Amino acid sequence: MTALITKDLQLALSHLRNGDIVAFPTETVYGLGADAKNPLAIQKVFLAKDRPADHPLIVHIASVDQLSAWAKDIPPIAYSLAQNFWPGPLTMILRKQAEVSPLITGGQDTVGIRIPNHPLTLELLAQFGSGLVGPSANKYGRVSPTSAQHVADDLNNEVAAILDGGACSIGIESTIISLVDDKAVIMRQGDITAQQLAVVLGYTPAVNKSQDNIIRSSGSHESHYAPLTPVYLLSKDELISACKEYTAQQQKVSVLSFSDKPSDLAIDLYWQTIQRDPKSYAHNLYANLRAHDQLHNSAILIEQVAHDLEWAAITDRLVRASFK
Ligand code: TXA
Ligand code: MG
């Protein structure tokens, strides 16, 4: 089966109603969509991704009216967050309704939910009339897709269709916030920062950095978002010396840096200079990692980014991409 890249919403809907998988665009990354009420369809998603069964999926819905169909004991703050950030790159972890399949939640009593901000997918969800599970449309542990072609590169044989909504505007996955305890906790950093959330919450939420937390979150495993080529995060000086060492050993590397290539380095080195702007960095991050990976060099050397809030979600992805 060869997946069809299409803009045909009705075709996508008919596949989804049939229990098949359709990749869909969002403002963050492409999702691997399946009917969240159909256990066989959900199982197909785990198989397509090679994802362990105990890693929960998030449910995508079209409107906040549908929230109570999936979650219960919803705290008022969830509605305030929804009002401020939905549709948008925020996933809320809430207590699940009894009917929500344990396949979705990895057997936990909580469920992750979001309304994505992409016109095509909002229309798809509205017409579908129910929830769609939607993990990022990549193989487990690998780089997330930010274009229809990225999905085709990874999962061409596993999906019935790929709904083409162009390049994802944000480019990294949603911020995940858990609302199941008294205080909200950020489970995964994303475009919406702790500071933005603090304005609505009235306090700055903690960022969960625990490696062995009991709430399983596949994004929280250290090696993740990873190309097959080893990635190293280095200071600019370390990066230049590493280039010289690899070249001396007749090995090829590629570089992602904020400054231009020094003139004394090998000319056939693939050196990409990028802007020091977190929004455009995030927007291009996964496409860049994929392009560098396709060179099949000995290593991808990436210049470290700033240690500030604006770069926190990017740092998180880079650290996981480079984890050995
Ligand atoms: O931006 C996004 O969130 C994208 C787009 C497609 O919406 N989706 C996405 O899904 O990144 P995925 O499955 O790749 O990442 C969702 C994360 C996983 O790390 C999962 O383990 C975690 O959310 N998660 C889902 N339900 C959870 C729950 N009940 N408790 C804790 N973590 C949960
Ligand atoms: Mg993912």
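Order of listing sets the numbers, starting from 1, for every ligand and every atom in it. Every value quoted in this text rests on a predicted model; they were computed, and no experiment measured them.
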Check whether any heavy atom of [X] sits under 4.0 Å from an atom of ligand 1.
X	result
Thr105	no
Arg114	yes
Gly134	yes

Using a 4.0 Å heavy-atom cut-off, say whether [X] meets ligand 1 through its side chain, its backbone, both or neither.
X	result
Met187	neither
Thr110	both
His118	neither
Glu173	both

Is the shortest N/O to N/O distance between [X] and ligand 1 below 3.5 Å?
X	answer
Arg188	yes
His55	no
Tyr30	no

The test is side-chain contact (heavy atoms from CB on, under 4.5 Å); show your working for Glu173 and Tyr225 and say whether it passes.
CA-CA 10 Å; Glu173 302 79 358; Tyr225 317 111; 3.1 Å; yes
With a cut-off of 2.8 Å, does Ser144 put an N/O/S atom close enough to the Mg ion (ligand 2)?
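For Ser144, the answer is no, given that no N, O or S atom comes within less than 2.8 Å of the Mg ion (ligand 2).
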In ligand 1, which numbered atoms sit nearer than 4.0 Å to a non-hydrogen atom of [X]?
X	answer
Ile58	3 (O), 7 (O), 8 (N), 16 (C), 23 (O), 25 (C)
Ile176	17 (C), 22 (C), 23 (O)
Thr28	1 (O), 2 (C), 4 (C), 5 (C)
His60	5 (C), 6 (C), 7 (O)
Gly31	6 (C)
Ser174	1 (O), 2 (C), 3 (O)

The one among Gly190, Pro56, Pro135 that brings a heavy atom closest to atom 27 (C) of ligand 1
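Of the listed residues, Pro56 has the closest heavy atom.
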Identify the residue among Lys44, Lys49, Lys139 that makes a salt bridge (charged side-chain N to carboxylate O under 4.0 Å, His left out) with Glu158.
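Testing Glu158 for a salt bridge (charged side-chain N to carboxylate O under 4.0 Å, His left out) against Lys44, Lys49, Lys139 leaves exactly one candidate, Lys139.
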Around atom [atom1] of [X], are there more than 12 heavy atoms of other residues, nucleotides or ligands at under 6.0 Å?
X	atom1	value
Lys279	NZ	no
Lys261	NZ	yes
Gln97	CD	yes

Which residue in the set Asp73, Thr110, Asp109 passes side chain to side chain donor-acceptor pair (under 3.5 Å) when paired with Arg95?
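Answer to the side chain to side chain donor-acceptor pair (under 3.5 Å) test with Arg95 among Asp73, Thr110, Asp109: Asp109.
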Show your working on salt bridge (Lys or Arg N to Asp or Glu O under 4.0 Å) between Arg142 and Asp50 and close with a plain yes or no.
CA-CA 11 Å; Arg142 302 257 80 94; Asp50 295 327; over 6 Å; no
Salt bridge (Lys or Arg N to Asp or Glu O under 4.0 Å), that's the test. Do Asp35 and Arg17 meet it? Break it down for me.
CA-CA 7 Å; Asp35 182 353; Arg17 290 186 180 127; over 6 Å; no
Member of Val133, Leu32, Leu57 meeting the side-chain contact (heavy atoms from CB on, under 4.5 Å) criterion with Phe46:
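One option only clears the test, and that one is Leu57.
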Between Asp264 and Lys244 (salt bridge meaning N to carboxylate O under 4.0 Å), is one present in this structure?
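Yes, Asp264 and Lys244 are salt-bridged.
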For Thr28 and Ser174, test the side chains for any donor-to-acceptor distance below 3.5 angstrom and give the result as yes or no.
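No, Ser174 and Thr28 have no side-chain donor paired with an acceptor closer than 3.5 Å.
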